[in-house]
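First up is the structure itself, then whatever we jot down about it.
Excluded from the calculations below are hydrogen atoms, water molecules and symmetry mates; all remaining heavy atoms, backbone and side chain alike, are included.
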Amino acid sequence: MYTLQNIVNVVNGVLIKGSGNVEITELVYDSRTISFAERSLFFALQSSRQDGHNYISKAYQKGVRNFVVSKQVALEKFDDGNFILVADVQKSLQV
């Protein structure tokens, strides 16, 4: 188990919104497979066919409040969300 701040440090990211004290036990990148939303960290992966940033709202509706992103997100839509900004989400997941 890690705190969000631990993860910020490991992935060399910046906590752009929220609290670093949240405990994370689950890593997810598919909004269809969320089981433990309150302890999950959603990675907004991008590929040539999909952009995980488009699924942040869906994950948020399912209860996820912790996200790793690589581009700007309308943070005001996610009142109690926690967001880590990184240069490359896929590389962050692989660390």
Derivation of the side chain to side chain contact (heavy atoms under 4.5 Å, CB included) call for Lys71 and Gln46: CA-CA 11 Å; Lys71 58 186 184 181; Gln46 292 179 276; 3.8 Å; yes
Gln5/Asn9 under side-chain hydrogen bond (donor to acceptor under 3.5 Å, both in side chains): CA gap, chis, key distance, verdict: CA-CA 6 Å; Gln5 187 59 53; Asn9 296 337; 3.2 Å; yes
Side chain to side chain contact (heavy atoms under 4.5 Å, CB included) between Ser70 and Asp88, intermediate numbers included: CA-CA 6 Å; Ser70 60; Asp88 186 317; over 6 Å; no
Evaluation steps, side chain to side chain contact (heavy atoms under 4.5 Å, CB included), between Asn12 and Val86: CA-CA 7 Å; Asn12 197 27; Val86 296; over 6 Å; no
Worked check of side chain to side chain contact (heavy atoms under 4.5 Å, CB included) between His53 and Val73: CA-CA 8 Å; His53 294 84; Val73 175; 4.2 Å; yes
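How far CG of Leu85 is from CD1 of Ile16: 5.0 Å, rounded to the nearest 0.5 Å. Atom-to-atom distance recorded for Phe43:CZ and Ile84:CD1 is 7.0 Å, nearest 0.5 angstrom. Summarising the geometry, atom CZ belonging to Arg39 is positioned 13.5 Å from atom CG belonging to Leu41; distances are rounded to the nearest 0.5 Å. Atom OG of Ser40 and atom CZ of Arg65 lie 11.5 Å apart (nearest 0.5 Å). Asn66 contributes atom CG, which lies 5.0 Å from atom CG of Leu4 (distance to the nearest 0.5 angstrom).
The salt bridge (Lys or Arg N to Asp or Glu O under 4.0 Å) pairs that include a residue from residues 16-37 are Asp30-Arg32, where partners are two or more places apart or lie in different chains.
Counting only heavy atoms from C-beta outward, the side chains of Glu38 and Val22 never approach each other to under 4.5 Å. Looking at Ile24 and Ile7, their side chains come closer than 4.5 Å, going by heavy atoms from C-beta outward. Looking only at side-chain heavy atoms (C-beta outward), Tyr60 and Asp80 come within less than 4.5 Å of each other. Under the 4.5 Å side-chain criterion, counting only non-hydrogen atoms from C-beta, Val8 is not in contact with Val14.
Hydrophobic clustering of Ile, Leu, Val, Met, Phe, Trp and Tyr side chains at less than 4.5 Å, counting indirect connections, unites Tyr2 with Leu15. No path of Ile, Leu, Val, Met, Phe, Trp and Tyr side chains, each step under 4.5 Å between heavy atoms, connects Phe67 with Leu27, placing them in separate hydrophobic clusters. Residue Leu75 is grouped with residue Val64 when hydrophobic side chains (ILVMFWY) are merged at heavy-atom distances under 4.5 angstrom, including chains of intermediate members. Put simply, Tyr29 and Tyr55 are part of two different groups of oily side chains (I, L, V, M, F, W, Y) that touch within less than 4.5 Å, one to the next. Both Ile56 and Val28 are assigned to one and the same hydrophobic cluster, defined by single-linkage of ILVMFWY side chains at heavy-atom distances under 4.5 Å.
Nearest heavy atom pair, residue Ala44 against residue Gly52, reads CB-C, 3.7 Å. In this structure, Ala37 and Gly63 approach most closely via the heavy-atom pair CB-C, 3.4 Å. Across all their heavy atoms, Ala59 and Phe42 have their closest contact at CB-CD1, 4.0 Å.
Although no hydrogens or angles enter the test, the distance criterion places no donor-acceptor pair under 3.5 Å between the side chain of Lys62 and the main chain of Ile34.
Checked against the 6.0 Å centroid criterion, the rings of Phe83 and Phe78 qualify as a close aromatic pair.
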